[in-house]
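Working notes for the structure below.
Chain identifiers are assigned alphabetically (A, B, ...) following the order of the sequence lines, protein sequences preceding nucleic acid strands; residue numbering begins at 1 within each chain.
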Amino acid sequence: MPIYNSEVARIFDEYADLLEIHGANEYRVRAYRTASRNISYLSHNLSDMIRQGEDLTKLPGIADDLAGKITEIVKTGHLSALEELKKTIPEELIKITRIAGLGPKRAYRLYYGLGISSIRELEKAAREGNIKELPGFGIKLEQAILDDIERRGKLREGRRVLYSAAEEIVQPLLAYLWDAKGVKGVEVAGSYRRGVETVGDLDILITSEKVSDAVDHFTSYDEVERVIARGTTRSSVILRGGLQVDLRVVPEESYGAALHYFTGSKAHSIAIRKRGVRRRLKINEYGVFKGDQMIAGRTEEEVYARVDLPYIEPELRENRGEIEAALRNNLPDLITLNDIRGDLHSHTNLTDGHSSLEEMALAAKKRGYEYLAITEHSKRLTVAHGLNKARLAEQIERIDSLNNQLNGIIVLKSIEVDILEDGSLDLPDDILKKLDLVICSVHHKFNLPREKQTERIIRAMHNPYFMILGHPTGRMIDERPPYDVDVERLIKAAKETGCILELNSQPERLDLDDIYCKMARDMGVMVAINSDAHSTQELDFMHYGVIQGRRGWLEPKNVLNTRSWPELKKLLQKSRKTLVSGAAPGNISEKIGAKR
DNA sequence: GCCGTTTTCGGCCCGACTGTTTTCAGTCG
């Protein structure tokens, strides 16, 4: 059973958590966290590196000690130092540090003072009034603990909200904040601005001539349930529904510095400030300082310029190589919604969609698209009334006739065909061959062992009509984990067989995720960003996919549906001819000119 | 525990806010 990078990263993170509670040197803790983060974004498998005798200390943040620990984990599946530590500190204490107001120090005191090692015990002790008696604790902290436990109960433990749900909250809140007297600027920062698929809280930045008015206006917003902090420059509230919103009021001359600082990510901010330190500059949310003198801060561009970097787009700010790319003058020219020329995945009311064929076509035209692929489910998916060969043949005729009537939009004859358990497709080649486009997806048997699931999909990719792998991991954020599949191998197989991977824009899917998008891009495999719309309105989901794609460093040239229909048609036909004629597997990505 | 334009030891990002304290520790982002 090979150990994956994510497992090594998880073990290092857990070790860091326990070390912190144990009171270890904070920089030692930080070293494990840094290593964990670096490992989880690595595009090479650590197991492979060790087997091939590569030097792990070449990796950032890894020296002899951690290289040894990685080797131990890869060879034995666990870390003995972590097992030892668990004997002195219960691992459940980690959960306690996630409660608002509690961190490692207080968790440790709760454990040694009252023997508390679980949320349940914590709640009981707080209700009985035992916590306020501990030194360093008091009545307010005790109440705050109870409040947070209750809030988590409502929200489900540690839940973050989908980006799309946060978007619904953000729009009216921003409009409301603009109404305050003296407001000169309002912007959302934080993970929302970086386009992260789920948002833990909202960070809003405001510039105003009347600071206290702005804070008053904010805290009296109709949706505010509770005010949890109220300072002169910062204020935090909990909205109905449980989402926390932090407001920061900043002066205009600091706006860029503040926006940069509060957009994060934390890792990116730290890396930027370290570059500042090396230049004897102090960078904080008020600006860039040389001694006591402020030398920049009105715009983000100014801040970057002071550490000799070009502007870096928010979606890239994760310290996953964007600073190094900026130094090489090699930042990606990120895709935008305007680059998208069509949608290659949609359904109609013939199967499980809600709009008619004509309605979908016209809605796509209205969005300025050149083409829309109607990709109904295939017969295996009975709950969705999937099409058999005869019904698909009828649909092909309907689309042909619709295309004769329509102007300015082309409907592609397509299918989202099921990949069966043995890796064959749910419809025969003789009908697939009549289509413009074939998406292949896994919709059942999610629980196959990793090896079998991976083989199943790779076998399907060798079918000459396989063009796009739909929602490659099947995950539903917060609802269903991805099926166990080796995505790195899928990307390699896509490269070999000339297949394209989908980035599905349904807000709870966003599958591929950002990290795998970048991996596909780095390996020269193209991505198709599709809405998977089941109604005309859902065509607008495309923008979620574009945001995720930007987080995955995708440029227009990496994305299939930035091509015009004639280009796309030529490429798909060419690719199919190569594959059907039995020649060596072609590579659509290379043919279309995807670089890198 | 890592790292090196302060290079093999000494530093490692920075400030606001709260609560529990009488000057600051802990948490948070």
Side-chain angles (χ1 to χ4, degrees), chain A residues 12 15-16 19-21 23-38 56-70 81 96-110 131-145 147-148 189-194 199-205 215 227-237 244-250 254 257-289 303 307-308 319:
Chain A
F12 277 179
Y15 192 56
L19 277 179
E20 198 170 30
I21 295 170
N25 178 301
E26 64 173 298
Y27 300 108
R28 191 173 160 223
V29 174
R30 191 183 293 176
Y32 281 97
R33 292 209 197 285
T34 304
S36 168
R37 208 191 60 242
N38 290 341
L56 298 181
T57 65
K58 295 244 162 63
L59 298 172
I62 309 290
D64 288 346
D65 187 89
L66 290 187
K69 288 193 166 79
I70 291 171
I96 290 183
T97 67
R98 312 271 189 257
I99 300 288
L102 299 183
K105 300 276 183 353
R106 284 175 181 152
Y108 187 79
R109 288 217 294 267
L110 286 166
I131 287 179
K132 63 176 186 293
E133 307 301 332
L134 278 180
F137 289 80
I139 183 85
K140 290 209 172 172
L141 207 45
E142 188 172 80
Q143 190 56 47
I145 289 167
D147 288 347
D148 199 56
S191 52
Y192 183 86
R193 182 164 179 246
R194 300 200 311 281
V199 173
D201 58 21
L202 291 175
D203 291 283
I204 296 184
L205 218 62
V215 175
V227 178
I228 52 177
R230 197 183 191 297
T232 51
T233 64
R234 294 189 181 189
S235 175
S236 297
V237 303
Q244 180 169 332
V245 185
D246 299 334
L247 182 84
R248 341 262 174 166
V249 188
V250 300
S254 298
L259 186 58
H260 181 263
Y261 185 75
F262 293 119
T263 296
S265 68
K266 195 171 171 179
H268 177 87
S269 295
I270 289 173
I272 295 298
R273 262 171 280 148
K274 277 185 180 169
R275 287 182 65 82
V277 169
R278 266 180 254 140
R279 289 164 178 74
R280 299 184 186 285
L281 300 174
K282 184 174 69 173
I283 301 174
N284 59 28
E285 58 262 58
Y286 298 108
V288 180
F289 296 86
V303 176
V307 291
D308 302 315
N319 201 20

Single hit among A/R248, A/R193, A/Q244 for side-chain hydrogen bond (donor to acceptor under 3.5 Å, both in side chains) with A/D203: A/R248

Using a 4.0 Å cut-off on protein heavy atoms (strictly under), produce a 5'-to-3' string for nucleotides 20-25 of chain B with B for base contact, S for backbone-only sugar-phosphate contact, and - for none. SS----

Rounded to whole angstroms, how far apart are [atom1] on [X] and [atom2] on [N]?
X	N	atom1	atom2	value
A/L102	B/dG19	CG	C1'	13 Å
A/I283	B/dG29	CD1	P	22 Å
A/Q244	B/dT27	CD	P	16 Å
A/Y15	B/dG1	OH	P	7 Å
A/K105	B/dC28	NZ	C1'	13 Å
A/K266	B/dG15	NZ	C1'	12 Å
A/D65	B/dC3	CG	P	12 Å
A/L247	B/dA16	CG	C1'	14 Å

Between [M] and [N], how far apart are the [atom1] atoms? Round to whole Å, please.
N	M	atom1	value
B/dG11	B/dT5	C1'	15 Å
B/dC12	B/dT6	C1'	13 Å
B/dT21	B/dG15	P	27 Å

Closest to side chain of [X], choosing from [options]:
X	options	answer
A/N284	B/dC14, B/dC2, B/dT18	B/dC14
A/Y261	B/dG15, B/dG29, B/dG1	B/dG29
A/A63	B/dC2, B/dG26, B/dC12	B/dC2
A/R30	B/dC17, B/dC12, B/dT27	B/dC12

Is there a donor-acceptor pair closer than 3.5 Å between any side-chain N or O of [X] and the backbone N or O of [Y]?
X	Y	value
A/T233	A/V249	no
A/R194	A/T263	yes
A/S269	A/S265	yes

Would you name the heavy atoms of [X] and [Y] that are closest together and state the gap between them?
X	Y	value
A/N284	A/A257	O-CB, 3.7 Å
A/A31	A/L66	O-CD1, 4.1 Å
A/A107	A/I96	CB-CG2, 4.1 Å
A/L102	A/L110	CD1-CD1, 3.9 Å
A/V215	A/T232	CG2-O, 4.4 Å

Heteroatom pairs (N/O) under 3.5 angstrom, protein to nucleotides 4-10 of chain B:
none

Under 6.0 Å from the CG atom of A/D64, do we count more than 12 heavy atoms belonging to anything else shown? no

Looking at A/K132, I'd like to know if its NZ atom is crowded, meaning that more than 12 non-hydrogen atoms belonging to other residues, nucleotides or ligands lie closer than 6.0 Å. yes

In Watson-Crick or G-U wobble terms, both distances under 3.5 Å, what is the partner of B/dG26? B/dC17

The residue, A/R234 or A/R248, whose nearest nucleotide of DNA chain B is more 5′ is A/R234

Per nearest nucleotide of DNA chain B, the residue lying toward the 5' end, A/I270 or A/A107, is A/I270

Distance below 4.0 Å between [X] side-chain N/O and [N] OP1 or OP2:
X	N	result
A/Y32	B/dG1	yes
A/Y286	B/dA16	yes
A/K282	B/dG15	yes
A/T233	B/dC17	yes

Which part of the nucleic acid, if any, lies within contact of [X], taking any heavy atom under 4.0 Å across all strands shown: a base, the sugar-phosphate backbone alone, or nothing?
X	value
A/T232	sugar-phosphate
A/F262	nothing
A/E26	nothing

